[in-house]
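Below you'll find the structure, written out as structure tokens, and then a few comments.
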Amino acid sequence: MTRPRIFVPRDAGALSLGSDEVERAIIAAERKLGLNVEIVRTGSRGLFWLEPMIEIETAEGRIAYGPVKSGDVEGLFAANWLDGGPHQLRLGRPEDIPFLKRQTRFTFARCGIVDRLSLADYRALGGLRGLERALSLGQATIVEEVTKSGLRGRGGAGFPTGIKWRTTAEAQAAQKYVVCNADEGDSGTYADRMIMEGDPFCLLEGMAIAGIAVGATKGFVYIRSEYPNAIEILRRAIEIGRAENMLGTGIAGSAHDFDIEIRVGAGAYVCGEETALLDSLEGKRGQVRAKPPLPAHKGAFGQPTVVNNVISLATVPAILAGGADAYRDLGYGRSRGTMPIQIAGNAKYRGLFEAAFGLTLGDIVDDIGGGTASGRPVRAVQVGGPLGAYFPRALFDTPFDYEAFTAKNGLIGHGGVVVFDDTVDMARQARFAMEFCSIESCGKCTPCRIGSTRGVEVIDRIVKGERRAENLTLLQELCETMRFGSLCALGGFVPFPVTSAITHFPEDFGGAPLGGAVAA
């Protein structure tokens with residue numbers, strides 16, 4: 001007789017809400033009732049307000065219950081949840097939950113479904129097909145396929161992935177590298193972590209494909225130290241990958257060698273910038289490098305290097321498996337494919353929502369996110385992490401697309417959407433952006449290092465009403481200097497949250513802004 005299977009998430013979000021305690025309660029109830037169940041630890045589906053969301057494999061398919069606490073378990077067994085029995089926590093089929101039903105799960109198709117460390121599960125749901133096809137295509141065709149798909153960097157810059165790969169492939173060197181940027185530091189973002197914890201093999205497969213495409217034999221995952229759970233799972237996945245010939249010498253029986261090593265960062269936000277990341281990876285202090293040379297020509301240890309975000313690399317296997325057209329046909333304008341939108345802050349339904357580009361900001365906040373958790377009116381939304389602009393309700397018709405946000409002096413970044421209700425003090429938020437920059441600056445360039453410190457002081461004077469007009473003009477000049485004079489996006493993007501807060505929420509700074517004093 002087949003053992004009943006219970007799927008319990010082991011994503012960091014679910015762990016923080018007690019999923020390990022729920023597992024222990026299931027084991028205790030199983031013994032008490034004389035049952036024999038199989039517990040499968042998965043990632044998360046990304047519906048955080050329902051975590052821990054436990055799923056039961058039944059004759060009608062998987063049935064979800066949530067949010068489940070350890071104290072609910074005995075009652076769930078009594079309600080015959082192993083057969084999908086009725087209970088106040090019963091959610092029904094996961095794919096029928098509106099938040100999931102509306103998504104286009106491309107990169108996250110397996111996340112929350114498979115045993116995260118079972119290569120058999122991974123294969124059963126399409127894993128390794130991209131690698132197999134890549135091995136049959138050859139270098140140039142792989143690069144062309146990725147270019148044709150329209151995939152752009154999902155770490156924030158939105159640079160075309162295929163162009164980056166082609167540049168590295170054409171570079172002449174005896175050794176090349178693939179570096180995965182897993183230094184996910186933006187506030188309100190967690191997509192990288194969810195993939196690494198819920199479907200790590202797709203990241204490893206994407207890195208191996210990138211290695212074949214550019215001629216690299218070694219890869220590094222640079223991951224932030226604040227992700228111990230993801231680090232543990234990735235290490236185990238790499239060991240399994242080596243044992244199963246997915247990594248190492250002659251991968252998948254081919255003539256290609258490719259192995260992966262994990263490097264853990266020390267928590268510097270600036271190391272999310274690719275050149276500072278490379279310095280840190282090499283054991284140096286993480287500081288931004290001047291460009292040129294580009295990492296594609298001279299990157300890790302002075303060798304040609306592809307540096308891509310987790311989501312960019314994790315999307316590659318599905319593109320290769322299904323063909324470039326299937327991905328390119330999704331999206332809006334020049335933003336092709338899907339984006340894992342991470343809804344956070346004061347939102348009613350917080351979680352990961354993967355969809356094709358083109359939804360409006362209002363769709364995301366009001367419809368999908370359900371407005372605020374507090375029930376108060378939404379006042380502002382910050383998209384793109386701590387360096388992203390604050391958008392008021394008047395801009396909620398903006399399509400979620402790189403170019404549309406750029407046109408409104410905003411940025412999509414890594415896809416984080418942080419919601420604020422009408423109790424937020426936007427002057428404090430603007431000050432926080434400058435203070436954050438001053439703390440996280442690597443110190444290499446003066447506009448970022450000194451400008452952010454002066455910015456805090458100027459904002460304080462504006463709020464106090466000291467020579468407001470003069471200080472607003474000074475703040476504008478300071479923001480322009482930081483934007484155009486900083487070596488990297490840390491100092492260069494801080495003006496976005498500051499100027500947007502003053503432009504759209506002038507009342508929090510003591511009145512209406514001066515005409516032209518601060519750009520929208």
Side-chain angles (χ1 to χ4, degrees), residues 3 5 7-12 15 23 38-44 107-137 142 175-180 182 192-223 227-264 281 300 306 308 310-311 313-318 320-321:
R3 296 166 66 196
R5 301 177 82 200
F7 300 85
V8 181
R10 202 177 182 280
D11 171 271
L15 288 173
E23 181 192 37
E38 178 185 356
I39 298 174
V40 180
R41 300 307 299 266
T42 66
S44 172
T107 308
F108 284 79
R110 287 174 295 266
C111 203
I113 297 175
V114 297
D115 178 342
R116 68 217 185 286
L117 289 172
S118 168
L119 204 52
D121 271 15
Y122 183 66
R123 285 181 186 274
L125 287 181
L128 298 183
R129 292 179 191 169
L131 178 59
E132 290 164 3
R133 181 164 180 251
L135 289 168
S136 71
L137 293 178
I142 297 171
Q175 177 68 59
K176 297 179 184 180
Y177 298 104
V178 173
V179 172
C180 171
D192 291 356
R193 176 187 60 72
M194 282 183 62
I195 278 289
M196 290 186 288
E197 294 182 357
D199 193 14
F201 292 120
C202 77
L203 172 58
L204 306 187
E205 183 180 359
M207 292 182 69
I209 292 170
I212 296 166
V214 305
T217 58
K218 182 68 179 286
F220 294 94
V221 178
Y222 183 92
I223 185 170
Y227 282 174
N229 192 47
I231 293 168
E232 174 199 348
I233 290 169
L234 266 184
R235 281 181 173 152
R236 291 171 64 188
I238 289 171
E239 291 171 2
I240 293 167
R242 287 172 181 152
E244 296 290 333
N245 198 219
M246 179 185 178
L247 299 173
T249 303
I251 57 174
S254 72
H256 296 276
D257 301 339
F258 189 78
D259 204 0
I260 296 174
E261 180 180 336
I262 293 176
R263 293 287 174 95
V264 179
L281 187 149
V306 163
N308 281 135
V310 170
I311 301 302
L313 289 164
T315 302
V316 166
L320 266 292

Can you give me the closest heavy-atom contact between L313 and A210, atom names plus distance?
CD2-CB, 4.1 Å
Quick check for you: to the nearest 0.5 Å, what is the distance between S254 atom OG and N245 atom CG?
8.0 Å
How about L204 and I238: do any of their side-chain heavy atoms sit closer than 4.5 Å?
yes
Would you name the heavy atoms of A208 and I251 that are closest together and state the gap between them?
CB-CD1, 4.3 Å
Could you tell me the separation between the NZ atom of K218 and the CD atom of E261, rounded to the nearest 0.5 Å?
4.0 Å
Hey, could you give me the CD1/CZ distance between I260 and F220, rounded to the nearest 0.5 Å?
10.5 Å
Below 4.5 Å, heavy atoms only, C-beta onward: do N229 and R10 meet side chain to side chain?
yes
Heavy-atom side-chain proximity of I212 to L131 below 4.5 angstrom
yes
If you compare all heavy atoms of L135 against all heavy atoms of H256, which two are closest, and at what distance to 0.1 Å?
CD2-CD2, 3.6 Å
Decide yes or no for E205 and L320: does some side-chain heavy atom of the first lie under 4.5 Å from some side-chain heavy atom of the second?
no
Do the non-hydrogen side-chain atoms of F201 and L128 ever get within less than 4.5 Å of each other?
no
Nearest 0.5 Å, what's the CG-OG distance between L125 and S118?
10.0 Å
Identify the two heavy atoms, one from I142 and one from A134, that lie closest to each other, and give their separation to 0.1 Å.
CD1-O, 3.4 Å
Just so I know, are the side chains of L234 and Y227 near enough to count as touching, which here means a heavy-atom distance under 4.5 Å?
no
Within a strict 4.5 Å, meaning less than it, do heavy atoms of the Y122 and D199 side chains meet?
yes
Which residue, R41, R116, R193, forms the salt bridge (charged side-chain N to carboxylate O under 4.0 Å, His left out) with D11?
R193
Shortest non-hydrogen contact from C202 toward R110:
CB-NH2, 3.5 Å
Run the side-chain contact (heavy atoms from CB on, under 4.5 Å) check on V306 and Y177 step by step: do they pass?
CA-CA 6 Å; V306 163; Y177 298 104; over 6 Å; no
Decide yes or no for D259 and T217: does some side-chain heavy atom of the first lie under 4.5 Å from some side-chain heavy atom of the second?
no
Tell me whether R129 contacts the main-chain N or O of A321 through its side chain, where contact means a donor paired with an acceptor under 3.5 Å.
no
Is E239 salt-bridged to R235, cutoff N-O under 4.0 Å?
no
Check whether any side-chain N or O of D121 sits under 3.5 Å from a backbone N or O of D115 as a donor-acceptor pair, and report yes or no.
yes
Taking the side chain from E38 and the backbone from R3, do they hold a donor-acceptor pair closer than 3.5 Å?
no
Could you pull out the closest heavy-atom pair between G250 and D257, with the gap in Å?
N-OD1, 2.8 Å
Gap separating the CD atom of E232 from the CD atom of E197, nearest 0.5 angstrom
9.5 Å
side-chain contact (heavy atoms from CB on, under 4.5 Å) between I113 and T42, worked out:
CA-CA 6 Å; I113 297 175; T42 66; over 6 Å; no
Gap separating the CZ atom of R236 from the CG atom of L117, nearest 0.5 angstrom
5.0 Å
